Number of protein chains: 2
Amino acid sequence: MRPKKSTKVIAPRTKLKDARRSVTMAEIARLCGTTKMTVSRVFAGRPGVSEALREKVLKQATRLKYEVNQQASSFSSNRVNFIGLVTPFEGLLGSRYFQRVVEGLNRGLGNHPHDLVLFDMLSPNFESGDKLERVWRQRKVDGFVILAPHTTDQFIRPLAESGVPLVVVGEVDPGHGVASITADDEQGVRMAIEHLAGYGHKLIAYVGGPEMLSSAQRRLASYRETMENVGLEVKESMVMPGNYTMRSGREAGAKLFRAKRRPTAVFAANDDMALGVMQAAMAEGLRVPEDVSVVGFDDLAEAAEYWPALTTVHQPIRRIGLVASNLLLAQIVSDFQAPQPPPLDCNLVVRDSTAPLE
Amino acid sequence: MRPKKSTKVIAPRTKLKDARRSVTMAEIARLCGTTKMTVSRVFAGRPGVSEALREKVLKQATRLKYEVNQQASSFSSNRVNFIGLVTPFEGLLGSRYFQRVVEGLNRGLGNHPHDLVLFDMLSPNFESGDKLERVWRQRKVDGFVILAPHTTDQFIRPLAESGVPLVVVGEVDPGHGVASITADDEQGVRMAIEHLAGYGHKLIAYVGGPEMLSSAQRRLASYRETMENVGLEVKESMVMPGNYTMRSGREAGAKLFRAKRRPTAVFAANDDMALGVMQAAMAEGLRVPEDVSVVGFDDLAEAAEYWPALTTVHQPIRRIGLVASNLLLAQIVSDFQAPQPPPLDCNLVVRDSTAPLE
DNA sequence: TTTCATAAAGATACCGGTAACATCATGGGC
DNA sequence: GCCCATGATGTTACCGGTATCTTTATGAAA
């Protein structure tokens with residue numbers, strides 16, 4: 001039973017332009033007198049190839065500078081070896097924090113073939129809220145690492161519900177089963193406040209971060225709790241809002257230092273704001289640390305380089321990145337949801353911006 | 001002539017796990033009573049489909065939340081819609097400079113389906129020098145944007161010679177036909193020096209960047225030239241080395257301000273170092289701008305936020321990113337090497353760190 | 001009415017790998 | 001010597017699109 005159409009002879013597709021042409025497994029196989037299936041086994045590191053043949057294949061491959069075509073490989077195995085790195089808010093992309101996380105992620109990726117794809121939610125071409133889900137549907141990535149979301153972020157839930165491999169760096173509402181990794185902010189803040197209290201400071205001001213960030217919420221809560229635990233009173237006029245920028249720190253500092261009763265120590269919920277507070281102190285003619293002690297949070301590169309060098313809470317950001325990629329790879333490669341890791345310990349780095357109260 | 005083997009019946013591959021299963025063009029086609037070829041035409045925006053059918057296809061696609069499988073599409077069309085973003089030296093990834101470039105790139109990418117893949121050459125898994133060429137061979141990207149390389153960078157040449165689409169942000173040795181885009185550093189420095197000279201400063205110090213960076217070389221050359229043009233002498237003891245970090249700026253500033261004849265103005269080759277110079281001034285008890293004027297270069301976010309706000313040369317970084325992506329897309333999409341664009345104009349932003357000499 | 005250019009839609013092969021299964025050679029255990 | 005387990009290797013059928021060519025429908029020109 002022949003098809004009703006006459007037989008056709010269709011010319012093979014025109015060849016790719018030379019720049020894009022490349023060696024294929026079939027070619028290597030031909031040179032080695034075998035088939036591409038065997039070559040495929042060699043490169044995938046699967047068993048079932050004799051040592052002699054394997055070496056022959058590798059030799060030819062090296063000679064021809066062969067590299068496995070990831071495109072074709074992905075297509076066949078349905079894995080693309082890209083991980084989406086999502087930066088959902090202003091200022092993240094260009095920060096040392098970002099840099100450290102990337103370092104950690106790359107370390108965790110290790111020998112895996114995955115690379116990081118940048119998705120900056122602030123870019124104009126990302127305005128549509130379902131961008132990430134579309135990217136997933138398009139098979140551009142195998143999963144996402146989402147940096148420090150707002151607790152209320154709406155775009156995480158639909159992703160998670162679609163079964164997209166996902167790790168959040170920061171804290172998310174527990175319960176909907178999203179993997180996440182965070183530092184132990186509470187503990188970090190506690191150490192900072194206890195350090196200041198131990199130096200005899202009584203009036204310890206607080207400069208906070210954006211309210212919608214979970215990290216900011218946790219740090220503030222821990223400040224209040226620790227103050228109470230060490231027997232100090234929290235004066236509401238000493239609790240200043242901020243938004244994690246140097247400017248907001250400087251403005252908060254200016255208000256604090258102009259108050260009729262000024263604090264002898266200030267804890268800022270991140271380093272940038274702490275630097276701003278120090279600037280405000282200088283502008284008001286106060287010396288750090290003689291007149292006022294300042295402590296930050298994060299221990300980014302700037303903190304150590306500043307003058308005076310900032311006493312701050314060191315967050316193991318690189319390690320967080322490393323753990324994040326491990327959690328994600330577990331989901332992608334082994335389809336295995338690792339148990340939620342505990343928050344990672346912070347520690348206090350005492351530099352030159354704090355001193356005992358005289 | 002039948003093959004010598006008996007006919008075989010091989011079971012179809014097991015289906016993908018549900019999470020990864022998805023609607024295909026064939027499915028949409030079936031629902032619309034047509035073939036996947038037509039559906040393909042619709043999504044590629046190619047002509048040859050009646051309006052009625054096109055709408056029908058789009059309607060079904062929307063209903064099923066269909067997205068074209070980029071993996072398969074890339075495979076077939078031999079374009080992967082990823083662009084490699086290469087950061088070849090320390091500190092770039094976490095800088096505002098990086099952030100701005102990315103903003104510009106994303107803007108330039110516009111509606112193109114390309115996304116950015118991060119290649120941080122400092123990551124341990126990138127130690128091998130031919131990483132980029134391998135990535136290219138693996139068909140993971142369609143081309144590269146390389147940020148501010150050393151002029152001597154060896155890894156650019158082999159890439160360019162292999163015909164890899166490539167744009168360098170910064171200056172490269174002309175002649176080997178690598179597309180590049182840069183700001184007019186010379187002009188920027190000229191404006192800064194003329195500004196200070198116009199304020200009556202005679203002893204204008206210079207704090208430079210790493211010698212192997214082309215931007216640093218050009219800025220220094222322009223400093224010398226402009227000083228001569230405005231009739232001022234360059235004292236070699238007033239030309240300090242630096243490496244674009246705040247710390248190096250502070251150290252350079254400390255030396256300058258402790259010299260027996262100290263400068264009344266300092267130009268630093270980037271903002272971070274300028275901030276360091278201001279810190280050094282304060283540490284030595286000098287006021288900015290009353291005792292010493294300071295000018296930076298780049299106009300990153302910190303410059304405006306600092307106190308006192310920094311007078312600096314504004315570099316159109318975002319625009320540079322935008323031009324870079326346009327240049328690259330031209331090569332990728334149209335196989336067209338656009339003519340080398342001229343350096344983009346800088347302009348001077350006068351803030352609070354400079355004042356006339358009394 | 002016939003011819004032919006043009007637009008719409010279909011048919012086929014193919015991109016370069018991988019999954020699943022088939023086959024074959026080898027050698028040990030009986 | 002025969003059977004079967006085992007490991008090496010080959011065969012086939014895809015993955016889900018796109019390039020290219022063919023066929024069919026439509027309508028204007030002759």
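Every heavy atom of this structure was used, including side-chain atoms; hydrogens, water molecules and symmetry mates were not. Here the structure is a predicted model, which is why all the values come from computation and not from measurement. To find a chain, count down the sequence lines: A is the first, B the second, and so on, and within it residues start at 1.
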Original post:
Taking OP1 and OP2 of D/dG16, is either one under 4.0 Å from a side-chain nitrogen or oxygen of B/Tyr66?
Top reply: no
Original post:
B/Thr38 side chain: which of C/dC15, C/dA9, C/dA19 is closest?
Top reply: C/dA9
Subject >> Integer-rounded Å distance: C/dG16 P and A/Met25 CE >> reply: 12 Å
Subject >> B/Ser76 side chain to B/Ser73 backbone, donor-acceptor under 3.5 Å >> reply: no
**OP:** Check for a donor-acceptor pair, side chain of A/Thr62 on one end and backbone N or O of A/Leu58 on the other, with a separation under 3.5 Å.
**Re:** yes
**OP:** Determine, for A/Phe82 and B/Lys140, whether the Lys NZ or Arg CZ falls below 6.0 Å from the six-membered ring centre while staying within 45 degrees of the axis.
**Re:** yes
**OP:** Apply side chain to side chain donor-acceptor pair (under 3.5 Å) to A/Ser180 and A/Gln340, showing your working.
**Re:** CA-CA 7 Å; A/Ser180 67; A/Gln340 183 69 23; 2.9 Å; yes
Subject >> Exercise: do A/Gln138 and B/Asn69 side chains pair donor with acceptor under 3.5 Å >> reply: no
Original post:
Just by modelled atom types, is the B/Asn81 backbone N or O under 3.5 Å from a matching donor or acceptor in the B/Asp142 side chain?
Top reply: yes
Original post:
Of the nucleotides D/dG10, C/dG16, D/dG17, which one has an atom closest to the side chain of A/Thr34?
Top reply: D/dG10
Subject >> Protein-nucleotide distance (A/Gln71, atom CD; C/dG17, atom P), rounded to Å >> reply: 10 Å
Original post:
Rounded to the Å, how far apart are A/Lys36 NZ and D/dC15 C1'?
Top reply: 12 Å
Subject >> Per B/Phe75 side chain, nearest of listed nucleotides C/dC15, C/dT18, C/dA9 >> reply: C/dC15
Original post:
Checking only heavy atoms, does the side chain of B/Arg41 share a donor-acceptor pair with the base of C/dG10 at less than 3.5 Å?
Top reply: yes
Original post:
Which is true for B/Met37 with a 4.0 Å heavy-atom rule: it touches a base, it touches only sugar-phosphate, or it touches nothing?
Top reply: base
Original post:
For the base of C/dG10, is there a side-chain donor-acceptor partner from B/Thr35 under 3.5 Å away?
Top reply: no
Subject >> A/Arg54, CZ atom: more than 12 neighbouring heavy atoms under 6.0 Å >> reply: yes
Subject >> Euclidean distance, atom CG of residue B/Asn78 to atom C1' of C/dG17 [Å, nearest integer] >> reply: 13 Å
Original post:
Can you tell me how far P of C/dC15 sits from CZ of B/Arg79, to the nearest Å?
Top reply: 18 Å
Original post:
Does B/Ser73 make a side-chain donor-acceptor contact with the base of D/dG17, cut-off 3.5 Å?
Top reply: no
**OP:** Using atom CZ of A/Arg137 as one end and atom C1' of D/dG16 as the other, report the distance to the nearest whole Å.
**Re:** 17 Å
Original post:
Rounded to the Å, how far apart are B/Ile28 CD1 and D/dG16 P?
Top reply: 13 Å
**OP:** Check each residue of residues 46-61 of chain A for a non-hydrogen atom within less than 4.0 Å of any atom in DNA chain C, then write out the ones that pass by number, or none.
**Re:** A/Arg46
**OP:** Could you state the atom-to-atom distance from CZ of A/Phe43 to P of C/dT18 in whole Å?
**Re:** 10 Å
